[in-house]
Amino acid sequence: MATESLSIAEVTQLLRAWGAGDRAALERLVPLVDAELRGLAGHYMRGQAPGHALQTTALVNEAWLKLIDWQNTGWQNRAHFFGIAAQLMRQILVDEARRRRAGKHGGNAVRVSMGAAESLAKRKDHELLALDDALKALAEFDERRCRIVELRFFGGLSVDETAEALQVSPRTVAREWRLAQAWLYRELSGKEDGEK
Amino acid sequence: MNGGKMDNGRWREVERIFDAALEVDDAGRAAFLAGACAGDEALRREVESLLAVDNKAQGFLDAAAARLVRPEQARVLLSATTVAESAQRIGSYRLIREIARGGMGAVWLAERADDQFHQQVAIKLLKAEAASEELLNRFRHERQVLAGLNHPQIARLLDGGATEDGRPYFVMEYIEGEPLDEYCARLQLSLNERLQLFRQVCAAVHYAHQNLVIHRDLKPGNILVTAEGEPKLLDFGIAKVLQPDLTQDSIMGSTLTGMHPMTPAYASPEQTRGEKLTTASDVYSLGVVLYELLTGHTPYQLKDNTFGELVKAICEQEPIKPSIAVTQSHPSHDEAQTPSIRNPQSAPRNLKGDVDSIALMALRKEPNARYSSVEQFSEDIRRYLEGLPTIARKGTFSYRAAKYLRRNRIQVAATVLILLSLLAGIFATLRQARIAVAAQHHAETQRQRAEAALLSAEDRRQQAEASRSEADQQRGEAEAQRELANEQRAFADSQRQRAETQELSNRQLLYTSRIGLAHQAWENSNIERMRELLDFYLPQANEPDFRRFEWYYLWRLCHREEKTITGGDFRGVAYSPDGKSLLTLAITRSNGANVAEVVFRDATSWQVLSSQRYTTSHGAVAVSRNADKVVVGLGLEGIRVFSFSDYKERLQIRGLTFVSNVAISPSGKMIAAGFGSGKVQLLDAETGKEIRILAGHQQYLTTLAFSSDEQTLASGSFDETVRLWDVRTGKESRSLKQSRSVPNSVTFTPDDKTVIAVCNSELKAWETATGKEIASRSIAPGRPVLALSPDGKTLATVDVQPVIRLWDTQTWAEKAAIKGHGNVVRSLAFSPDGMHLASGSLDQTARIWNLSRNMNDVIKLTDPDTPSGFSKALFTPDGQKIISAKSRAGLASIWDSISGRKLFDLRGHTKPANVSNFSLELAVSSDSRFIATGGADSLVKIWDAETGREIIMLSDLPDRSTALAFSLDNHFLAVGTDQAARIYDLAQWRVAITIPVPQGVNALCFLSDGKTLVTAGRDGIIHFWKIATGLELRRIQSGQDQLFTMTLSARDQYLATGSLDNTAAIWDVQTGNRVWLLKGHSSKINRVSFSPDGNRLATSSNDYTVKLWDLTTGQEMLTFKEGGGCSVHFSPDGRQLLSACGNNLTIWPAATEREVQVRAKAGNRHLRANVTADEEERAH
């Protein structure tokens, strides 16, 4: 595959470029992570006991780890890097859901009925976008809490790891996580019930 | 939000009150809130509403993450950027319009998107529900078979696969035409025309059957007739892809799910019952098609036209004769059929007899009773068309008779009784006649009547006889039928054998490519994949064993550990100071939480001695070298100290922040703990009390190590420094590192003189006293770990590539590279005796390596006396010794092949000053006792292989020797030169004969009869010479350029040659035919060697590689890139491949069958006891 020929330095550079706002860099990065992810996912699946839930984000993080020289990139530490990875994950998922919602209304002739699977996917997209909106609102008045949610939800980090990433104590993370969760829950369920 | 726009200040208040309210119990909460909010109602409502959902909200994000951020979804999402543009495209095809739509999906007209001349194709696009991995696999498997169907009347399958959203599709040749039945009806074809057309259909189906493909879904809709009147069959074999085994999925079930590809009206009885399908099922379906063409009806009359009724009819009801059916109308079917179909051209009288029989024979319920092939079916129609008697008609009597007998045994018995009574009647008449004569009354009348009766009896007798001869004739016909059937069976048998041979060859090819993949996996360090590929060929009962040298070679590479322990991400491994037990620390997931499992095992039996679990996802381990203690750091769970004497916890230290790493002093008195913040704390290992804090590192602490004298502590951190601390004062004594890379693991040498650290992409060593850098080596980036052997001489490191490297700490040279783990290795530990290395990995295993074994991929022998210049090497026939040659030095050596020690140097040749291209030739006698050497000095010497002493020198050669060979009986030694082959009689020490070979001899060998010498040389011709006369017996024109090397396989079966033109070739010695031309090397081939079993050829080339070839398929198996080039030789047991080049003799060893079996049996059990003997035998 042509994509695999990118060196670690190049990947690192692309990732930096993305961090600096270059959206085109993401387009080049995604197939790379994907390829790595396929390998890892397969690897994990085989090694995993049946019924063992697999954490996507852990996978994605491993994929990044394999791709880049994270210790030599100016990121302060591993956790800091995973903070970036979490942001990236959020971006990818939300963009995709948004794109899908905007793009595919009916007109596509190739479609034979997709039935239940499609409506399920739509609902998920909806949920994801709602969460993204709520997070944006939260960030308006509590940036750090938003980051905690991002790291834990999109980055798959544990409380400890999140604490490490944000240079605060795990206790603080646990405490802030609780209120964040309550607040988001209220916001999201409120929207669903149509109160607002 | 309730209560308007939130700002940061207000939110802080909400937060403060919310957090505090959680501490208050429900009862007091309202009062608390009232007080805390001090009349600010909006604030109170805000906090209340959050508290109200707090309970429900717990864990909701985790659940949502599990639902919304799933792996497969993420994968699809990550690659989704490419999906949108492909909406109107499938593969490389652009969809044009929908042609048809059915239960399974839709058929589209499409064209190649990248094609200039717009080839149109039909794409069958299945519904999303049809997609399954299994189906796609089946498709891939079938595709090759189907792509091979190349017949003008069969629409070709061009491509297929799955769309981005996972729907399977098939790309077929696009046929413009109309269904067979509609075509016949529209053109009002006559009976004969219909039959002719039908025979063309049969020809196509028969072709497919010969290629072992059954259609399984023949019906008029799958048979299109083009404007030119040519029938074309669609969808061949697709039914099999969609439904490979009907027995696994009953017709009812699958019809309900809409998955079933078969069309019930055309299904055979066995098909509706879900039994195994054969070509006879297609015969049946064709029978239905024919029946419809003849009558306009399907063969059965149904009342309700339900599916169940149809199936019952197919299995039980006899079809109505076409001649009768054509006169009837099926009331129930009229509506179901397209009106135009019912256009029976055939008048009843045309159908009666042969055509009835033909159609009904194809439609018989029992597959064996139908036509034995579509060809026979078609042939019978031809016989009918040409007015010849048909098999069906002839067959009808015996078929019906047999059926009749079976059904009506009682009726048959009744018929026999009637016959008997008839005979009795004849006797009665005769008696009556005699009575008439005696009475003389109406004598004449009576006599006449009697005679008439006699006549009529005679008549009957004749009739009886006629019918007997008819029966005879029918028996004859039945026998002819049986013979025909026998012939057909024999044909089928030969077909099957051919198919089996073909299959075996295909499987060999598959094996070859899998070996290639396994080798590639090895080079990519993907050991797991490699094992998977190899395990596939572990022999199964009744299956051919494809495994040869290459398999055993690769198997050894990936099974070199002594023990594998599974279960979790192994973050820590440590041996007890006495080496008797091993501690592992593994992170696993249990009930959704990360758990660190600390397990003690017996290091011999591997029995679990004790195990503890902690809820944490972090772990680090350190052992005190001289005390019985081991310390475990567990992130937020704190620190535990265990004793190796009883494997119990001796000390628990809690209440710390995140413990990232630990160390324990050799005496076991002091613990150092490193934290996420970078802080280091010294603790008393008995009490857990803090001794002092070592402050300095600013970031996450990665590693800690005590010096042997316990005066110094070394530490590493994400702040990219390695620091040394004075343990007594807690002061930083030195900072060792400036370069920008994070030290991940650090240690002191046992003499404390050196500090060694592995950092992100480098290995570094410093003098402890001065901080001077002693060594720096770059390693693959990642999170490397290290372990130092107890004697300090060997350092083990491992990086992101899971390759464990062993370094010599004196020279800092790499000693060995051990592959085996499938993922990042997180921990390493030497056993106290330095003999074993334990490694723990993210691949969910910890492995134990026996370092006393050869851990290298290959065995390399070096010559301490004359290090360079190896040019040739071969095993002695007894396998005990290796003979090497160094052309430039004129030096041959004898080695012990078991120990790898050099035994003797054979010095006796000197390079003449005027010769630049010098080659020292070697040969060993078949009894392994004598070695012959020949050089550019025109001398040939024979040496005693036991003592290394020169026995005789042959100095009468006019020219340099270019090749040497002993005859099998050791009676002769042949020496090749640039002009001749000279044969010495070794019994009499004289020249037996000199055969002039003007084009020179580059290689020679004796046939095993001892009477024929074979030579090869510059002319590219293989010459066979009679030794007694020196006359050329025959020659093989190789077609290759200059031949440099040649060898015979066992029993003179094959000859292999290697040429200047980079090719090797295999020749059948008997016929002189070339069996294979082996292309792959990029330079001259200098040596070839057959494996002892004759299944493989090894070649070495000046391109510095050695290649291994499979002689059943002529395919390249493996390429050895390192160490090869100047020569190659299989060991007599076929377990080792030897090459010489430059500074080394290189041996590629293969595992023994026993090792494989022991491992296969033992599974995960410890292998040391069983395998050691074998292993030691081969450890050089």
Side-chain angles (χ1 to χ4, degrees), chain A residues 8 27 30-31 33-34 37-38 41 43 46-47 52-57 59-60 66 69 71-72 76-78 89 92-93 96 99 103 108-110 112-115 117 124 127-128 131 140-142 149 152-154 156 158 160 163-164 169-170 175 178-179 181-187 189, chain B residues 1 6-8 11 15 18-19 49-51 53-54 56-58 60-61 64-71 73-75 77-81 84 87-88 90 95 105-106 125 127-128 167 528 589 592 594 617-618 635-636 657-658 676 699-700 718 740-742 760-761 781 800 822-823 843-844:
Chain A
I8 281 174
E27 309 235 316
V30 159
V33 190
D34 185 31
L37 199 56
R38 280 166 200 267
H43 184 87
R46 285 194 298 279
H52 200 145
L54 195 63
Q55 273 214 308
T56 308
T57 41
L59 272 180
V60 178
K66 286 200 153 191
D69 177 3
Q71 289 185 334
N72 274 349
Q76 294 149 17
N77 54 39
R78 177 175 176 272
M89 187 75 183
I92 290 171
L93 286 170
E96 178 56 27
R99 199 181 57 70
N108 199 333
V110 190
V112 184
S113 159
M114 275 183 55
K124 282 183 182 168
E127 274 185 74
L128 200 64
L131 178 68
E140 298 267 301
F141 53 84
D142 194 343
V149 174
R152 297 215 54 205
F153 188 91
F154 292 101
S158 64
D160 291 350
E164 208 186 300
S169 78
R175 192 170 54 79
R178 184 161 183 179
L179 177 56
Q181 201 158 228
W183 188 83
L184 284 168
Y185 186 89
R186 195 192 66 191
E187 286 301 285
S189 57
Chain B
M1 259 155 290
M6 184 73 68
D7 62 38
N8 189 278
W11 176 247
E15 183 182 19
F18 177 89
D19 286 344
S49 71
L50 287 169
L51 286 169
V53 296
D54 176 62
K56 281 188 277 181
Q58 296 293 320
F60 108 92
L61 279 176
R67 199 171 61 250
L68 300 175
V69 197
R70 283 180 309 138
Q73 191 190 5
R75 191 164 67 68
L77 291 180
L78 283 166
S79 61
T81 41
Q88 293 292 335
I90 287 181
L95 300 182
L125 186 61
K127 278 186 179 176
R167 286 172 296 158
E528 201 180 334
R589 276 186 81 77
N594 282 325
S617 58
H618 189 87
L636 288 171
T657 58
F658 187 84
Q699 289 187 39
Y700 192 93
F718 269 136
R740 300 213 59 196
S741 105
V742 175
N760 178 32
S761 55
V800 71
N823 207 330
D843 70 4
Q844 312 287 306

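Since the model is a prediction, treat every value here as computed from it, not as a measurement. Side chains included, hydrogens not; waters and symmetry mates left out as well; all remaining heavy atoms used. Chain letters run A, B, ... following the sequence lines, proteins first, then strands; residues in each count from 1.
Annotation: side chain of B/Phe18 is not in contact with side chain of A/Trp183 (no heavy-atom distance under 4.5 Å). Side chains of A/Phe141 and B/Asp7 form no contact here, defined as non-hydrogen atoms less than 4.5 Å apart. Using a 4.5 Å heavy-atom threshold, the side chains of B/Leu61 and A/Tyr185 count as separate.
When the side chain to side chain contact (heavy atoms under 4.5 Å, CB included) test is applied to B/Leu636, the partners found at least two apart in sequence or on another chain are A/Asp160, A/Pro170, B/Phe658. A search for salt bridge (charged side-chain N to carboxylate O under 4.0 Å, His left out) contacts involving B/Asp54 returns A/Arg178, not counting sequence neighbours.
Summarising the geometry, atom CG belonging to B/Leu51 is positioned 10.5 Å from atom CZ belonging to A/Arg186; distances are rounded to the nearest 0.5 Å.
Minimum interatomic distance between B/Ala57 and A/Ala182 (heavy atoms only, all atoms of both residues): CB-CA, 3.7 Å.
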